[in-house]
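Following: one structure in structure tokens, then a few remarks.
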Amino acid sequence: MAQKPSIPKGTRDFSPVEIAKRDYIFNIVKKHFKVFGFQPIETPSFENSDTLMGKYGDEGDRLIFKILNSGDFISKVDDVTYSSKNSKSLTPKISEKALRYDLTVPFARYVVMHQNEIDFPFKRYQIQPVWRADRPQKGRFREFYQCDADVVGANSLLQEVELIQLYDRVFTDLRLEGVSIKLNNRKILAGIAEVIGARNNLVNFTVALDKLDKIGVEGVKKEMLTKGISEQSLTKAAPLFSLTGSNTDQLATLKNFLAGSEQGRRGVEDLEYIIKAFDELGLQSTRLALDVTLARGLNYYTGTIFEVAAPLGVQMGSIGGGGRYDDLTGIFGLKNVSGVGISFGLDRIYLVLEELGLFPEALDRTLDVLCINFGEKESMTALKLADQFRKQGFKADVYPSNAKMQKQMKYANNRNVPYVILIGEKEMTANSFVVKNMTSGEQNTYSLENPNEFLNTL
RNA sequence: GUGGUUGUAGCUCAGCUGGUUAGAGCGCUGGAUUGUGGUUCCAGAGGUCGCCGGUUCGAACCCGGUCUUCCACCCCA
């Protein structure tokens with residue numbers, strides 16, 4: 001008996017319309033990647049486990065899909081490990097490969113392995129699926145695409161400025177208005193922790209701070225207290241919970257607040273440079289917003305932190321993120337190579353565009369003309385005509401069988417074909433073809449000698 | 001990984017405290033219409049009620065497990 005087929009949790013099939021929409025986004029993103037001078041690379045879908053494990057924190061390790069070794073792997077496990085029933089110690093003995101969790105760490109690995117062939121600064125983009133053994137939710141999948149652009153080997157903040165421009169160009173081109181690019185700096189977060197006396201608790205402090213817009217001031221304070229941050233520290237941090245005003249105003253407040261921390265001051269300088277640059281350069285459709293509560297990717301970001309929020313009113317987590325990491329390739333033995341990069345969350349951008357109805361209508365036009373099949377002789381003539389159309393780049397097809405007219409028309413209708421071509425006995429003798437406009441219902445006759453007369457109207 | 005939620009026809013969903021043969025709309029197939037779709041009318045096909053087990057004279061409905069969906073945590077694109 002045939003069983004009902006299914007696909008794993010958090011994965012999806014993509015139908016033709018969906019592919020057309022995905023390609024639409026891909027192509028726009030790619031176009032701008034190229035225009036900004038980025039070059040594409042690809043890396044394997046799976047890596048050696050030690051390349052990935054330990055790079056994303058404990059939480060990340062848990063979410064990495066491990067690949068079982070081939071062969072009789074279990075017999076090679078020593079008895080002690082085997083009977084310990086401890087997943088953490090057993091896993092490395094039965095699995096030495098894992099599915100890629102993001103594109104940044106594999107890129108770092110790539111840079112180290114190919115350092116002698118690469119001309120630095122190296123700007124690369126990469127569009128490939130990644131896998132996370134997460135629990136799915138809306139806009140959260142276990143297999144999804146990331147589109148990354150990173151620059152390695154350049155310390156200059158000019159890169160940050162360019163990456164923000166890149167975000168701006170892509171979202172403008174996608175006609176997605178009201179996107180905000182949130183900006184912060186790891187050095188500022190470290191500076192704050194230093195100033196309020198929570199230096200040893202930086203990660204807990206920032207993770208809690210990151211939730212400000214979600215759980216409110218009281219919620220954040222509560223979480224910080226339970227994570228061992230003192231009452232005095234919280235009192236000192238109070239001004240941060242109510243930062244308001246323009247980016248410049250906030251920077252001024254921060255500068256003051258962080259005067260006692262060298263690291264903090266450097267972070268402020270970084271942000272100041274970037275924000276000032278945009279006073280001069282301007283942005284097309286996005287908004288740049290300083291946000292000290294932003295704390296992403298703390299496991300490797302060391303400088304700038306980016307996060308892109310969908311337009312107000314759209315219920316969706318971040319649609320992009322990125323940052324600067326001074327030491328990423330250091331893990332793989334290459335010191336002093338700075339990197340900065342951004343990522344587009346393709347699947348989420350898709351959902352946002354869908355929700356706002358921003359996909360061009362033309363995307364579902366998968367066929368420009370369909371020729372009705374009237375029989376053997378007629379279909380041969382139709383095929384010749386279709387061939388001429390195809391040679392000129394139009395999407396043309398001939399219905400494969402001499403089915404009932406009604407059925408063929410219905411097929412054309414369901415496929416959203418704008419023009420149907422009829423070549424029957426009458427047309428054959430007159431050496432002509434009839435074009436029916438499926439929107440208006442109008443019909444026009446053209447000569448088979450000169451099909452361009454019709455094509456020129458398309 | 002923790003807590004909750006969902007699953008009935010291809011799709012969206014009804015289905016009473018557990019009681020004969022599980023329904024609707026849309027879609028599909030055929031006909032009205034032998035060269036005209038999208039509108040209309042008529043007829044028809046299509047369901048192991050997610051899966052496995054239990055309670056019961058009797059289960060779509062109650063219980064347990066499992067898979068899936070969505071949500072809140074954790075974390076994150």
Side-chain angles (χ1 to χ4, degrees), chain A residues 1-12 25 29 56-64 87-88 101-104 127-148 203-204 206-208 210-211 214-215 219 223 227 294-299 306-310 315-323 341-352 370 372-375 378 399 402-428 433-443:
Chain A
M1 186 170 108
Q3 54 169 354
K4 266 188 194 163
S6 64
I7 55 174
K9 192 202 301 206
T11 64
R12 298 149 296 162
I25 303 176
V29 171
Y56 310 98
D58 286 346
E59 197 61 32
D61 283 358
R62 203 194 81 209
L63 298 177
I64 290 173
S87 308
K88 216 168 175 180
Y101 176 86
D102 74 354
L103 301 178
T104 308
I127 302 179
Q128 289 190 280
V130 304
W131 295 269
R132 295 185 186 177
D134 209 353
R135 230 184 241 208
Q137 277 179 41
K138 185 177 188 159
R140 233 177 156 171
F141 308 97
R142 301 213 293 183
E143 176 184 63
F144 62 98
Y145 273 85
Q146 281 195 334
C147 318
D148 277 25
V203 171
N204 283 333
T206 49
V207 165
D210 190 49
K211 293 176 189 164
K214 209 168 176 179
I215 59 178
E223 178 162 338
K227 290 285 163 74
L294 178 61
R296 284 305 158 104
L298 283 173
N299 283 303
F306 301 112
E307 181 172 297
V308 182
Q315 203 71 26
M316 184 61 65
S318 62
I319 56 174
I342 57 172
S343 179
F344 289 83
L346 177 95
D347 298 273
R348 289 188 177 177
I349 293 171
Y350 181 107
L351 291 171
V352 171
L370 177 75
I372 299 291
N373 186 326
F374 282 90
E378 292 90 341
Y399 197 87
N402 181 9
K404 272 191 184 169
M405 179 88 159
Q406 200 176 166
K407 189 174 167 140
Q408 299 191 43
M409 289 300 285
K410 201 163 187 170
Y411 175 80
N413 196 57
N414 290 345
R415 287 242 357 225
N416 263 317
V417 182
Y419 298 98
V420 165
I421 287 179
L422 300 98
I423 306 170
E425 214 181 332
K426 269 188 292 186
E427 288 76 19
M428 291 283 281
F433 64 98
V434 169
V435 176
K436 172 161 183 158
N437 179 324
M438 293 295 277
T439 333
S440 64
E442 259 176 276
Q443 296 196 173

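Per chain, numbering begins at 1; letters A, B, ... match sequence-line order. Atom set for the values below is all heavy atoms of this structure, side chains included, hydrogens, waters and symmetry mates excluded.
- What separates CD of A/Glu143 from P of B/rA77 is a distance of 17 Å, to the nearest Å.
- Applying the side chain to side chain contact (heavy atoms under 4.5 Å, CB included) test to A/Asp61 and every residue at least two apart in sequence or in another chain returns A/Met53, A/Ile64.
- With sequence neighbours excluded, the residues that form a side chain to side chain contact (heavy atoms under 4.5 Å, CB included) with A/Gln146 are A/Asp102, A/Leu103, A/Val130, A/Arg132, A/Phe144, A/Asp148, A/Ser343.
- Not counting sequence neighbours, the partners of A/Glu223 by the side-chain hydrogen bond (donor to acceptor under 3.5 Å, both in side chains) test are A/Lys211.
- Whole-Å rounding puts the A/Ile215 CD1 to B/rC73 P distance at 9 Å.
- Residues forming a salt bridge (Lys or Arg N to Asp or Glu O under 4.0 Å) with A/Glu59 (at least two apart in sequence, or on another chain): A/Arg62.
- For A/Pro418, the side chain to side chain contact (heavy atoms under 4.5 Å, CB included) partners are A/Arg365, not counting sequence neighbours.
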Its contact letters, B for base, S for sugar-phosphate only and - for none at protein heavy atoms under 4.0 Å, make nucleotides 32-39 of chain B read ---BBBB-
Could you go over nucleotides 3-7 of chain B and give all protein N or O partners under 3.5 Å, atom names and distances?
| residue | atom | partner | partner atom | Å |
| --- | --- | --- | --- | --- |
| B/rG3 | O6 | A/Arg135 | NH1 | 3.0 |

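- Annotation: side-chain hydrogen bond (donor to acceptor under 3.5 Å, both in side chains) contacts of A/Arg140 (sequence neighbours excluded): A/Asp134.
- Comparing B/rC76, B/rG1, B/rC71 by their closest approach to the side chain of A/Gln137 singles out B/rC71.
- Partners of A/Glu307 by side-chain hydrogen bond (donor to acceptor under 3.5 Å, both in side chains), not counting sequence neighbours, listed by chain and number: A/Arg296.
- Paired regions of RNA chain B, where each region holds three or more successive Watson-Crick or G-U pairs whose two hydrogen-bonding distances fall under 3.5 Å, are B:1-4 with B:70-73, B:10-13 with B:23-26, B:28-32 with B:40-44, B:50-54 with B:62-66.
- Here A/Arg12 pairs with A/Asp347 under the side-chain hydrogen bond (donor to acceptor under 3.5 Å, both in side chains) rule; sequence neighbours left out.
- For A/Arg135, the side chain to side chain contact (heavy atoms under 4.5 Å, CB included) criterion is met by no residue, not counting sequence neighbours.
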